[in-house]
Amino acid sequence: MTRNHPMAIRNFVFAILLILFAFSCTNDNTFYKFQPVDATGWHKDSAAVFDVEISDTLKNFDVLVNVRNGGEYPYQNLWLFVKRTGPDNFVLNDTIECYIADPMGKWKGSGIGSRYEVSVLYQQNQRFGAKGTYHYEIRQGMREDKLVGLYEIGFMVKNVQK
């Protein structure tokens, strides 16, 4: 007969709890994707494009933009031009400012090594008026033709729990 080791039992219980926790968490992200930025820099005419399928017009959503940057990004902030075209072909243009570093130059958000990610709330409690595909185009709005130090632009549409 083999003797059970307390460490093996503890690891087994921990693994079971971890699995149960993973399955108990619900993913409220309706949409969450990233688009890579050209390695030579993000040209002002280049857009990160996201097509979001909305099937529920009664729910509220938070819409977020995620920025993955490196330590070589030269600014504290990032201006973005956002163009949304709805299924009814109605176009909405917005400009948003993302603070990706504090005034002392410390990067906001989370990061590993020299890569950082910050999430910026674009629209809160957004209710979409029509079912269908919403097309988003995001362009950099800085004064440089080619902006270096950005790796990816992400877009998230998240169900708001009430």
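Only this structure's heavy atoms are used, side chains among them; waters, hydrogens and symmetry mates stay out. Residue indices begin at 1 and follow the sequence shown.
The CG atom of N125 sits 9.0 Å away from atom CZ of R127, with the distance rounded to the nearest 0.5 Å. In this structure, CD1 in I100 is found 13.0 Å from OG in S119, a value given to the nearest 0.5 Å. Between the CD atom of Q35 and the CD atom of E152 there is a distance of 9.0 Å, given to the nearest 0.5 Å. Once rounded to the nearest 0.5 Å, the distance linking CG of D38 with CG of L150 reads 11.5 Å. Put simply, OG on S55 and CZ on F128 are 11.0 Å apart, with the number rounded to the nearest 0.5 Å. Distance check: H135 NE2 to F50 CZ gives 10.5 Å after rounding to the nearest 0.5 Å.
Each of Y99 and V118 belongs to its own hydrophobic cluster when Ile, Leu, Val, Met, Phe, Trp and Tyr are linked at side-chain heavy-atom distances under 4.5 angstrom. Taken together through direct or relayed side-chain contacts under 4.5 Å among Ile, Leu, Val, Met, Phe, Trp and Tyr, V65 and Y75 form part of one hydrophobic cluster.
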Evaluation steps, side-chain contact (heavy atoms from CB on, under 4.5 Å), between Y136 and V52: CA-CA 8 Å; Y136 289 87; V52 181; 4.1 Å; yes
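Nearest heavy atom pair, residue L80 against residue C98, reads CD1-SG, 3.6 Å. Scanning both residues, F34 and Y32, for their nearest heavy atoms gives CE1-OH, 3.5 Å. Counting all heavy atoms, side chain and backbone alike, Y134 lies closest to G86 at CD2-CA, 3.7 Å. Taking all atoms of both residues into account, the shortest heavy-atom contact from V91 to T85 is CG2-OG1, 3.8 Å. Nearest heavy-atom pair, I54 versus A130, reported as atom, atom and distance to 0.1 Å: CG2-O, 4.3 Å. Shown here for W107 and A101, the closest heavy-atom pair between the two residues is CE3-CB, 3.7 Å.
Annotation: side chain of T30 is in contact with side chain of F61 (closest heavy-atom distance under 4.5 Å). Considering only heavy atoms from C-beta on, V67 comes within 4.5 Å of L78 through its side chain. Side-chain contact check for L64 versus V120: every heavy-atom pair is 4.5 Å or farther apart. Using a 4.5 Å cut-off on side-chain heavy atoms (C-beta onward), P103 and Q76 make contact. Contact of the Y116 side chain with the S110 side chain is not registered, since no non-hydrogen atoms from C-beta on lie closer than 4.5 Å. Taking 4.5 Å as the limit, every side-chain heavy atom of F81 sits out of range of all side-chain heavy atoms of I138. Side-chain contact between V37 and I153 is present, with heavy atoms from C-beta onward closer than 4.5 Å. Q123 has its side chain within reach of L92: a pair of non-hydrogen atoms, C-beta onward, lies under 4.5 Å apart.
Look at E117 and R115 and you find no salt bridge, because none of the NZ, NE, NH1 or NH2 atoms lies under 4.0 Å from a carboxylate O. Between D62 and K158, none of the side-chain N atoms (NZ, or NE/NH1/NH2) sits under 4.0 Å from a carboxylate O, so this pair counts as no salt bridge.
K146 and T40 are linked by a side-chain donor-acceptor pair at a separation below 3.5 angstrom, with hydrogens and angles left out of the test. Under the 3.5 Å distance criterion, with hydrogens and angles disregarded, a donor-acceptor pair is assigned to the side chains of E53 and T133. Remark: the Y122 side chain and the D94 side chain contain an N/O donor-acceptor pair separated by less than 3.5 Å.
A donor-acceptor pair under 3.5 Å links the side-chain atoms of Y73 to the main chain of N77, judged by distance alone. Between the side chain of Q140 and the backbone N or O of W42 there is at least one donor-acceptor pair closer than 3.5 Å.
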